[in-house]
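In what follows, a structure is listed as structure tokens, so that the remarks can point back to it.
Quick note on labels: first sequence line is chain A, next is B, and so on, each numbered from 1.
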Amino acid sequence: MPELPEVETTRRGLEPHCRGRHVVGVVVRQGRLRWPVPDDLDALLCGQAITCVERRAKYLLFRLQAGTLLVHLGMSGSLRVVEQVAPVLTHDHIDLQLDSGQALRYHDPRRFGSVHWIATGAAHPLLRGLGPEPLSTAFDGQRMHQLARGRRTPIKNFIMDAKVVVGIGNIYANEALFLAGIRPDRAAGRVALARYQRLAEKIKQVLTNAIDQGGTTLRDFVGGDGKPGYFAQQLYVYGREGAPCKHCQRPLHACRLGQRSSVYCVTCQR
DNA sequence: CGCTGACCCTGACGGC
DNA sequence: TGCCGTCAGGGTCAGC
């Protein structure tokens with residue numbers, strides 16, 4: 001479910017309900033996620049106020065007085081604000097009960113997500129070594145071109161590498177490469193600077209558009225409609241194998257790169 | 001260091 | 001109807 005735009009949309013939706021609220025209880029129904037949920041989560045969080053909700057890559061960071069609760073949604077995770085008395089569904093693994101009578105409810109069928117505690121002043125290995133945010137000025141074509149020197153890995157794998165840039169998932173890797181006119185299987189080290197500059201622009205453009213759409217269509221997701229809004233947006237290649245290219249009408253090709261489906265136009269992408 | 005493939009887990013879907 | 005294989009938006013890790 002969550003690519004960067006949905007994580008950012010989730011952050012924006014959650015923050016008004018969390019900011020300044022105290023955690024008054026924690027319920028862990030299933031603690032076996034990608035990594036085990038800290039077994040003393042209740043003791044770590046209770047009585048503290050959430051000061052703000054931030055995002056880094058696809059991680060949500062709930063800032064509390066004594067530290068940070070780090071949450072990743074994996075492939076199928078979601079976080080909603082619900083009334084504490086709302087019925088508990090299958091795969092509703094964790095509740096953070098707030099002093100508003102509401103709860104932050106973590107739902108994750110595949111359990112590829114994770115929850116971590118970072119004490120104030122401590123570092124966390126999962127956050128160390130992350131590349132720049134794609135929407136920041138630290139990310140640009142020059143940086144990619146520089147890092148790609150000598151690399152023979154496909155450019156699609158390269159832009160999905162969190163050391164290069166964070167937050168580019170499979171959907172938007174495919175879409176950005178189409179918009180930039182670059183084949184996903186081209187060796188990263190064999191793409192010129194000007195094309196990397198165009199790719200950086202397209203990555204920023206496609207993510208920005210998706211966040212804008214998510215912000216619109218996910219307006220009420222906090223109440224229970226968790227439909228990812230960005231599915232409504234026009235996708236050029238992702239999920240369109242065999243369908244006509246929206247630029248040249250020829251059928252789109254598919255291949256697998258790094259065990260992930262990749263769709264592209266052999267004519268428009270070189 | 002760079003790259004590939006296995007793996008964590010549940011659910012949806014298509015073919016038989 | 002049921003069973004089986006395949007695939008799914010993510011990320012880490014072992015091994016070569």
Taken to the nearest 0.5 Å, the spacing of A:Tyr172 OH from A:Leu235 CG works out to 6.5 Å
Would you indicate what A:Leu126 reaches in the nucleic acid, counting non-hydrogen atoms under 4.0 angstrom: base, sugar-phosphate, or nothing?
sugar-phosphate
| Do A:Trp35 and A:Leu126 come close enough that some side-chain heavy atom pair is under 4.5 Å? | yes
| query | Under 6.0 Å from the CZ atom of A:Arg32, do we count more than 12 heavy atoms belonging to anything else shown? | reply | no
Secondary structure of DNA chain C per the Watson-Crick/G-U criterion (both distances under 3.5 Å; [ ] crossing, | other strand, . unpaired) is .|||||||.|||||||
The answer to which of A:Pro109 and A:Lys163 contacts DNA chain B further toward the 5' end, by nearest nucleotide, is A:Lys163
In whole angstroms, the gap separating C1' of C:dG11 from CG of A:Leu73 amounts to 13 Å
Here the distance between atom P of C:dG11 and atom CG of A:Asp108, to the nearest Å, is 13 Å
Would you call the rings of A:Tyr264 and A:His253 parallel, tilted or perpendicular if under 30° counts as parallel and over 60° as perpendicular?
tilted
Rounded to whole Å, CZ of A:Arg32 lies from P of B:dC8 at a distance of 11 Å
A:Gln259 atom CD is separated from B:dC8 atom P, nearest whole Å, by 14 Å
Worksheet entry | Any A:Asp40 side-chain heavy atom under 4.5 Å of A:Trp117 side chain | no
Residues A:Glu8, A:Arg11: salt bridge by 4.0 Å N-O rule:
yes
Closest to the side chain of A:Tyr59, out of C:dT12, B:dG5, B:dG2, is C:dT12
**Message:** Any side-chain N or O of A:Arg256 below 4.0 angstrom from OP1/OP2 of C:dT6?
**Reply:** no
Is the distance from OP1 or OP2 of B:dG11 to the nearest side-chain N or O of A:Arg110 less than 4.0 Å?
-> no
Between CD1 of A:Ile168 and C1' of C:dG9 the distance, given in whole Å, is 13 Å
Self-check item: Phosphate-side-chain proximity, A:Ser76 and C:dA8, N/O vs OP1/OP2 below 4.0 Å
Solution: no
Whether A:Phe112 stacks on the six-membered ring of B:dC9 base, 5.5 Å and 30° limits: no
In whole angstroms, the gap separating P of C:dG9 from CD of A:Glu175 amounts to 12 Å
Between CZ of A:Phe158 and P of B:dG2 the distance, given in whole Å, is 10 Å
Whole-Å distance, A:Arg149 CZ to B:dC1 C1', equals 16 Å
Distance below 4.0 Å between A:Tyr238 side-chain N/O and C:dG9 OP1 or OP2:
yes
query = So, do A:Val71 and A:Tyr106 sit near enough that their side-chain heavy atoms are less than 4.5 Å apart?
reply = yes
Would you measure the distance from the P atom in B:dC9 across to the matching atom in C:dC3 and give it in whole Å? 23 Å
- Query: Is there a side-chain polar atom (N or O) of A:His91 under 4.0 Å from OP1 or OP2 of B:dT10?
  - Reply: no
_Just to be sure I understand the rule, does A:Ser114 reach a base, reach only the sugar-phosphate, or reach nothing, if contact means heavy atoms closer than 4.0 Å?_
nothing
| task | Using a cut-off of strictly less than 4.0 Å, decide whether A:Arg34 has a side-chain nitrogen or oxygen near OP1 or OP2 of B:dC9. | result | no
The nucleotide from C:dG9, B:dC9, B:dC3 with an atom nearest the side chain of A:Arg111 is B:dC9
Worksheet item: Are A:Met144 and A:Val206 linked, directly or through other ILVMFWY residues, by side chains that come within less than 4.5 angstrom of each other?
Response: yes
Regarding the side chain of A:Arg151, the nearest nucleotide among C:dG9, B:dT4, B:dG2 is B:dG2
Out of B:dC9, B:dC3, C:dG11, minimum distance to the side chain of A:His72 belongs to C:dG11
